[in-house]
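Counting convention: from 1, in listed order, for ligands and their atoms alike. All heavy atoms count here, side chains included; hydrogens, waters and symmetry mates do not.
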Amino acid sequence: MNLVLLGPPGAGKGTQAERISALYGVPHISTGDIFRDNLKRGTVLGRRAKEYMDRGELVPDEVVIGIVRDRLAKPDCEKGFILDGFPRTAAQADALKAMLADLGKAIDHVLNVQVPEEAVVERLTARRTCRSCGKVYHLVFDPPAKEDTCDACGGELYCRDDDKEETVRARLREYEDKTSPLIAYYEGEGLLRNINGAAEMDEVLRAIRDIIEA
Ligand code: AP5
Ligand code: MG
Ligand code: ZN
């Protein structure tokens with residue numbers, strides 16, 4: 001099961017990827033999570049990525065592509081993978097196709113999770129993320145049992161630096177300019193599946209499962 005989750009910031013890519021990963025036992029690969037993990041560990045990569053992330057801009061292709069190539073070659077990807085937030089440019093999509101061909105693999109579905117812009121802003125400004133395990137919450141739609149505390153690990157919840165409204169708007173512009181052309185790209189490849197991401201989380205998951213199990 002080789003999946004790509006495509007969609008604007010806040011579409012629910014990470015939320016759904018976590019659930020699909022738990023259901024089918026395939027790894028969830030989020031390039032944004034890899035950068036945040038590097039930042040937490042104080043690596044050069046983390047510091048370099050942060051400069052772009054804080055402005056709501058994409059990290060350069062050559063940086064991202066190498067990371068994904070290494071990750072997809074790991075043994076836990078034998079059964080499949082869920083790519084969340086990669087590819088985001090035409091160059092990344094071309095690179096992905098080539099690296100999968102080298103590994104004797106191909107994408108099964110590109111799930112295009114669609115949500116209106118205003119819903120995105122509402123979702124991201126009230127999102128909270130666990131500092132320890134990365135689990136994602138929403139103050140209204142998916143609140144933790146205890147305020148500011150992760151249900152899964154007891155870690156502290158924080159608001160991502162790039163979830164300020166102004167940065168969210170910049171990320172949306174970047175998505176429109178550089179990532180949204182991939183919708184036509186994957187439509188041309190016959191891989192695109194549209195998902196209504198504005199529905200409730202369980203309903204979105206059901207729609208995704210229907211596609212996977214069809
Ligand atoms: P990344 O971390 O990937 O951010 P993003 O794509 O902007 O997406 P988000 O993580 O913000 O949203 P999501 O779709 O995962 O939504 P979530 O499930 O959390 O990337 C960050 C940065 O890293 C980029 O800006 C860039 O700088 C860099 N980067 C990463 N990959 C790159 C690449 N390939 N190339 C270059 N640069 C790259 O949900 C959002 C909120 O909504 C949560 O609070 C959740 O609880 C809630 N929610 C989810 N689903 C629903 C629902 N159905 N109903 C109501 N609420 C919901
Ligand atoms: Mg995410
Ligand atoms: Zn946690």
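- Taking atom 7 (O) of ligand 1 as the reference point, the nearest protein heavy-atom neighbour is R171 NH2, 2.7 Å.
- Remark: ligand 1 atoms within the under-4.0 Å shell around heavy atoms of R36 are 2 (O), 21 (C).
- With hydrogens left out, the protein atom closest to atom 56 (N) of ligand 1 is F141 CD1, 3.4 Å, a heavy atom.
- Protein heavy atom nearest atom 57 (C) of ligand 1, with residue, atom name and distance: M201 CE, 3.4 Å.
- Under 4.0 Å is where a charged nitrogen must lie from a carboxylate oxygen, and between R55 and E51 no such pair does.
- Under 4.0 Å from ligand 1, not a single heavy atom of T89 appears.
- The pair E57-R171 does not meet the salt-bridge criterion, since no charged nitrogen lies less than 4.0 angstrom from a carboxylate oxygen.
- If you look at V59 next to ligand 1, the close heavy atoms, those under 4.0 Å, come from the backbone and the side chain alike.
- Every heavy atom of S30 sits 4.0 Å or more from the atoms of ligand 1.
- Note that R128 lies outside the cation-pi zone of Y137, set by a 6.0 Å cut-off to the ring centre and a 45° limit from the axis.
- The closest approach between any non-hydrogen atom of E18 and ligand 1 is not below 4.0 Å.
- With a 6.0 Å radius and a threshold of 12 heavy atoms from other residues, nucleotides or ligands, E166 has its CD atom at or below the threshold.
- When hydrogens are left out, the protein atom nearest atom 45 (C) of ligand 1 is T15 OG1, 3.8 Å; that is the closest non-hydrogen contact.
- Scanning all protein heavy atoms for the shortest distance to atom 29 (N) of ligand 1 gives F35 CE1, 3.7 Å.
- Geometrically, R173 does not engage Y175 in a cation-pi contact defined by less than 6.0 Å to the ring centre and at most 45° from the axis.
- Salt bridge status for D76 with K74: absent, with no side-chain N to carboxylate O gap under 4.0 Å.
- Contacts with ligand 1 closer than 4.0 Å are made by no heavy atom of E174, backbone or side chain.
- Those atoms of ligand 1 with a heavy atom of Q92 less than 4.0 angstrom away are 33 (C), 34 (N), 35 (N), 36 (C).
- The shortest heavy-atom distance from A199 to ligand 1 is under 4.0 Å.
- What sits closest to atom 20 (O) of ligand 1 on the protein, heavy atoms only, is R88 NH2, 3.2 Å.
- Nearest protein heavy-atom neighbour of atom 8 (O) of ligand 1: K13 NZ, 3.1 Å.
- The shortest separation from a heavy atom of G10 to ligand 1 is under 4.0 Å, placing the residue in contact.
- Within the 4.0 Å heavy-atom criterion, the part of V64 lying near ligand 1 is the side chain and not the backbone.
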Which side-chain N or O atoms in residues 195-214 pair as donor and acceptor under 3.5 Å with protein atoms at least two apart or in another chain?
residue: N196; atom: OD1; partner: A198; partner atom: N; Å: 3.0
residue: D202; atom: OD1; partner: R19; partner atom: NH1; Å: 3.0
residue: E213; atom: OE2; partner: Y24; partner atom: OH; Å: 2.4

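- Checked by distance only, ligand 1 and D162 stay at 3.5 Å or farther apart across all their nitrogen or oxygen atoms.
- Seen from the Zn ion (ligand 3), atom SG of C153 and atom SG of C133 lie 120° apart in angle, a value rounded to 10°.
- The SG atom of C130 and the SG atom of C150 subtend an angle of 110° at the Zn ion (ligand 3), given to the nearest 10 degrees.
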Original post:
Step by step, would you call K97 with E189 a salt bridge (Lys or Arg N to Asp or Glu O under 4.0 Å)?
Top reply: CA-CA 11 Å; K97 200 173 177 181; E189 305 251 304; 3.0 Å; yes

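- Of all the atoms in ligand 1, the ones that sit under 4.0 Å from a non-hydrogen atom of Y137 are 43 (C), 44 (O), 46 (O).
- Remark: minimum distance from atom 54 (N) of ligand 1 to any protein heavy atom is reached at R123 NH2, 3.4 Å.
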